[in-house]
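In what follows, residues are counted from 1 in the order of the sequence shown. Note that the coordinates shown come from a computational prediction; the quantities given were computed from them, not determined experimentally. All heavy atoms count here, side chains included; hydrogens, waters and symmetry mates do not.
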Amino acid sequence: MKQITLLLTFFYSISGCFGLNPSRTYKQTPDKYNMQFTAYDVPTDDGATLKAWYFPSRTGTTTNLLLVCHNGEGNMGDYLRRADSFTGMGYNVMFFDYRGYGESSAFEIDNNMFIYPHFQDDVKAMIDFCRKQFVQTFDIYGWGIGAGLAFGIGYNRPEIKHIIADTPFLSMEDLDERFSSWDEPMEVPFAGYDKKHEPIYCLDIEPSTRNNTTKQIKLIIGSNDILFTVADMQSLAAKKKNVIDKDIYIVQNPDQGDNFRVDKDAYVAVIQKFLAQ
């Protein structure tokens with residue numbers, strides 16, 4: 001009986017790792033740590049409004065900009081350490097919340113859903129906003145669902161030069177297959193998610209670039225990730241060897257937690273080196 005209970009607990013816990021878990025309340029804001037920032041309300045093409053925080057570089061004036069897509073857990077207020085780390089490496093940083101999160105527009109979210117196709121529109125709106133408000137070309141980073149969004153959408157946008165994707169999904173079909181064997185399977189959009197924005201499919205065409213720039217992608221994966229493997233990341237890299245960095249950053253993460261938190265300094269150093277290329 002004890003073994004059955006432990007097994008059930010395990011399945012429920014891993015399901016909770018992947019379901020969307022929004023928070024409408026900011027447990028902490030940049031003011032708490034005296035972080036310099038500017039808040040923006042960013043409209044989407046379908047009428048939603050996204051709350052965004054812009055953090056200027058802490059190392060001096062720069063045009064380098066990093067757009068950050070979080071993993072759908074909590075809201076952007078939970079990830080201020082990342083903002084501090086990236087501004088410390090000489091980047092202006094833009095964080096935002098998807099609809100249904102923080103102070104972005106209301107949107108009903110099922111906690112058993114892995115991702116909503118609407119989040120594609122949110123990322124597109126943020127790319128448009130950053131281009132119009134700040135600079136013509138910039139970089140994008142995401143983890144969890146944010147990695148898949150950053151990868152699939154960033155690949156198709158000429159504004160994006162570098163993509164850092166920490167554990168991106170491959171496709172909706174692949175996710176559906178992986179979840180189908182679970183006792184409590186996660187839900188995956190069966191319609192509305194553009195194939196050209198699914199990482200495994202977007203690589204079938206050449207990346208969209210601007211002004212003779214090149215597109216470069218860095219993949220990150222935890223050594224003991226529950227859902228994806230190093231082989232999954234290698235399968236992505238093999239499809240576009242001239243675009244995806246062959247050196248996949250494998251975080252030794254036996255606890256299967258947030259790769260950033262395992263060794264923050266090492267994690268940031270890998271990203272900084274990649275962005276300097």
Side-chain angles (χ1 to χ4, degrees), residues 40 42-46 48 50 52-57 61-70 86 89-99 115 117-143 145-166 168-172 192-220 233 236-246 248 271-277:
Y40 291 97
V42 179
T44 68
D45 285 345
D46 62 347
L50 309 177
W53 294 339
Y54 171 82
F55 301 88
S57 167
T61 303
T62 181
T63 58
N64 291 332
L65 176 67
L66 184 65
L67 174 62
V68 178
C69 307
H70 68 68
F86 297 146
M89 71 183 196
Y91 268 71
N92 303 318
V93 177
M94 176 65 83
F95 269 64
F96 73 98
D97 273 323
Y98 310 111
R99 63 192 69 195
I115 194 171
H118 308 70
F119 295 169
Q120 297 171 101
D121 296 326
D122 297 347
V123 176
K124 292 176 187 176
M126 290 305 306
I127 291 175
D128 289 338
F129 180 78
C130 288
R131 183 191 71 246
K132 295 172 184 177
Q133 182 74 23
F134 300 109
V135 65
Q136 291 294 301
T137 57
F138 48 95
D139 306 316
I140 191 168
Y141 157 74
W143 71 102
I145 65 164
L149 290 162
F151 190 128
I153 296 174
Y155 188 87
N156 288 280
R157 294 296 297 251
E159 299 93 336
I160 302 300
K161 298 182 296 180
H162 295 88
I163 300 169
I164 306 103
D166 181 345
F169 55 81
L170 305 184
S171 70
M172 296 300 108
Y193 206 100
D194 195 333
K195 274 189 177 293
K196 74 177 183 180
H197 294 148
E198 297 177 45
I200 199 72
Y201 294 123
C202 74
L203 295 171
D204 289 336
I205 62 173
E206 291 303 308
S208 182
T209 59
R210 171 175 290 167
N211 299 331
N212 298 318
T213 59
T214 59
K215 188 87 68 180
Q216 295 179 293
I217 302 174
K218 184 72 173 182
L219 296 175
I220 302 173
M233 299 303 105
L236 284 174
K239 292 199 69 171
K240 268 290 184 291
K241 295 180 180 179
N242 62 322
V243 175
I244 301 178
D245 190 338
K246 64 181 178 62
I248 297 169
I271 291 177
Q272 185 171 21
K273 181 179 178 181
F274 170 69
L275 292 178
Q277 296 177 358

(request) Mind checking the CZ-CD1 spacing from R210 to I160? Nearest 0.5 Å is all I need. (result) 10.0 Å

(message) Please enumerate all residues that pass side-chain hydrogen bond (donor to acceptor under 3.5 Å, both in side chains) together with H197, with sequence neighbours excluded.
(response) Q120

(request) Answer yes if the ring centres of Y91 and F86 are under 6.0 angstrom apart, and no otherwise. (result) no

(message) Between K273 and D245, does any side-chain N to carboxylate O distance fall below 4.0 Å?
(response) no

(message) If the condition is side-chain hydrogen bond (donor to acceptor under 3.5 Å, both in side chains), which residues does Y155 pass it with, not counting sequence neighbours?
(response) none

(message) Do T44 and H118 make a side-chain contact, defined as non-hydrogen atoms from C-beta onward lying under 4.5 Å apart?
(response) no

(message) Can you list everything that forms a side-chain hydrogen bond (donor to acceptor under 3.5 Å, both in side chains) with S57? Sequence neighbours excluded, please.
(response) T59

(message) According to side-chain contact (heavy atoms from CB on, under 4.5 Å), who are the partners of A147, at least two apart in sequence or on a separate chain?
(response) A165, P168

(message) Just verifying a value: how many Å separate D45 CG and K124 NZ, rounded to the nearest 0.5 Å?
(response) 8.5 Å

(message) Donor-acceptor pair, distance only, cut-off 3.5 Å: does the side chain of D139 make one with the backbone of H162?
(response) yes

(message) As an exercise, state the distance from NZ of K161 to CZ of F138, rounded to the nearest 0.5 Å.
(response) 10.0 Å

(message) Less than 4.5 Å apart, side chain to side chain, heavy atoms only: is that true for I244 and F151?
(response) yes

(request) Using the test side-chain contact (heavy atoms from CB on, under 4.5 Å), find all partners of T209 that sit at least two apart in sequence or belong to another chain. (result) T213, K215

(request) Mind checking the CG-CD spacing from N156 to E206? Nearest 0.5 Å is all I need. (result) 12.0 Å

Indicate every side-chain donor-acceptor pair of residues 63-70 with a distance under 3.5 Å to a residue at least two apart or in another chain.
residue	atom	partner	partner atom	Å
N64	ND2	T62	OG1	3.4
H70	ND1	G72	N	3.0
H70	NE2	D97	OD1	2.9

